[in-house]
Amino acid sequence: MAAREHGLPPPRSTGELRELLHAHLYVEGGEDYIRLDEHSLRVRTDDDEVDLAYYFLDDAALAAEPDRLAYLVHEAWPLPSAAADAADAPVTYAVFLDSHDDQRIAGTPPVELPGVRLPDLAAHLRFADPRRHPSWPTALLVLRALIGPDEPGIDAALARCNRWPGFDHWDPPELPAEHGAAHRHALRVLDEGGTVGHRRPAASLLRVTDHLAQFAMHRGDDLGHVQWFLFDTAWAAAQPALARSLLHYAGHWDPLDGSG
């Protein structure tokens, strides 16, 4: 619209395009929120409610940086679930995109759980002491609390997370450190019901396989879905570009930051 409104001439170089973008593209933030190179444009701004980013990427960018861009250009849900034998020691990663903990994009760094396979995650979380992990995000603490004492996997707990009302509150829930007490408290919260804001739990999507759990929690008709991914090194061995791009994107809004 700015090009038409101001009669701007077509830029003849990347440098000229950069000058035009900084002069006429509105963003909530400084000059560093508009990043341009020969093969991509990455922009960060907000819509007065949440932080967001958008990208223009050509084929050369995609070919050069699959470990940064594979997740962003993967159009289908769910992600492929195929796994493979991993050469390294097992690790489970928890990625919470667009977490309610923080309205900033990439506001929740991924959590790394060394020595844990996804099939063993439920047991690991039950015995973990959250006081020793002060950086764990609210989403992981709620998931831990909603795992039943005898449940072998996390699928039922993720389904309960879909009904958790606290994700729409600014203050994180206060959950006891001891798992049994945390679980009883969390079940009382679910039994009491309460608002889930503009979320429609029936519109959420959940799929759990042996080495990948995917949860698209409906956040609102205007805001779409919050994406959670929990996967281990067996899934990452079969889907290396998707795994690496997910981990990077969770930690920084610009998938190409620091590349090259």
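In this chain, residues are counted from 1 in sequence order. Side chains are part of it too, since the values below use all heavy atoms of this structure and drop only hydrogens, waters and symmetry mates.
- Using modelled atom types, one side-chain atom of His218 and one backbone atom of Arg200 make a donor-acceptor pair closer than 3.5 Å.
- Between Ile34 and Leu41, some side-chain heavy-atom pair lies under the 4.5 Å cut-off.
- Tested against Arg42, the residues Asp257, Asp32, Asp37 include a single salt bridge (Lys or Arg N to Asp or Glu O under 4.0 Å) partner, Asp37.
- Between Tyr93 and Leu246 there is no side-chain heavy-atom pair separated by less than 4.5 Å.
- Counting heavy atoms from C-beta outward, Arg207 and Ser81 have side chains that approach closer than 4.5 Å.
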Intermediate values then yes/no, side-chain contact (heavy atoms from CB on, under 4.5 Å), Arg117 and His124 | CA-CA 9 Å; Arg117 300 164 58 252; His124 175 81; over 6 Å; no
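- Formation of a donor-acceptor pair under 3.5 Å by the His183 side chain with backbone atoms of Ala145 is found in this model.
- The line from CG of Leu72 to OH of Tyr55 is 5.5 Å long, rounded to the nearest 0.5 Å.
- In this structure, Tyr71 and Val95 have side chains that are not in contact, with every pair of non-hydrogen atoms separated by 4.5 Å or more.
- Considering every non-hydrogen atom in both Trp164 and Leu146, the closest pair reads CE3-CD1, 4.2 Å.
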Checking side-chain contact (heavy atoms from CB on, under 4.5 Å) for the pair Leu79/Gln214: CA distance, chi angles, key distance, verdict?
-> CA-CA 8 Å; Leu79 297 180; Gln214 308 173 70; 3.3 Å; yes
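- Between Leu118 and Phe231 the shortest side-chain heavy-atom distance does not fall below 4.5 Å.
- Side-chain contact between Met217 and Asn162: present, with at least one pair of heavy atoms (C-beta onward) separated by less than 4.5 Å.
- Taking the side chain as every heavy atom from C-beta outward, Leu140 and Leu143 approach each other to under 4.5 Å.
- Side-chain atoms of Arg126 and His179 form no donor-acceptor pair, as typed in the model, at a separation below 3.5 Å.
- Between the Arg144 side chain and the Leu125 main chain, a donor and an acceptor come within less than 3.5 Å of each other.
- Counting non-hydrogen atoms of other residues, nucleotides and ligands closer than 6.0 Å to CG of Asp129 gives a total above 12.
- A donor-acceptor distance shorter than 3.5 angstrom exists from the side chain of Trp235 to the backbone of Pro80, with no hydrogens or angles considered.
- Side-chain contact check for Val111 versus Pro137: some heavy-atom pair is nearer than 4.5 Å.
- Of all heavy-atom pairs between Thr45 and Tyr26, the closest is OG1-O, 4.5 Å.
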Go through the steps for Val27 and Arg44 under the test side-chain contact (heavy atoms from CB on, under 4.5 Å), then give the verdict.
-> CA-CA 7 Å; Val27 297; Arg44 175 178 176 177; over 6 Å; no
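- No donor-acceptor pair closer than 3.5 Å links the side chain of Thr92 to the backbone N or O of Asp232.
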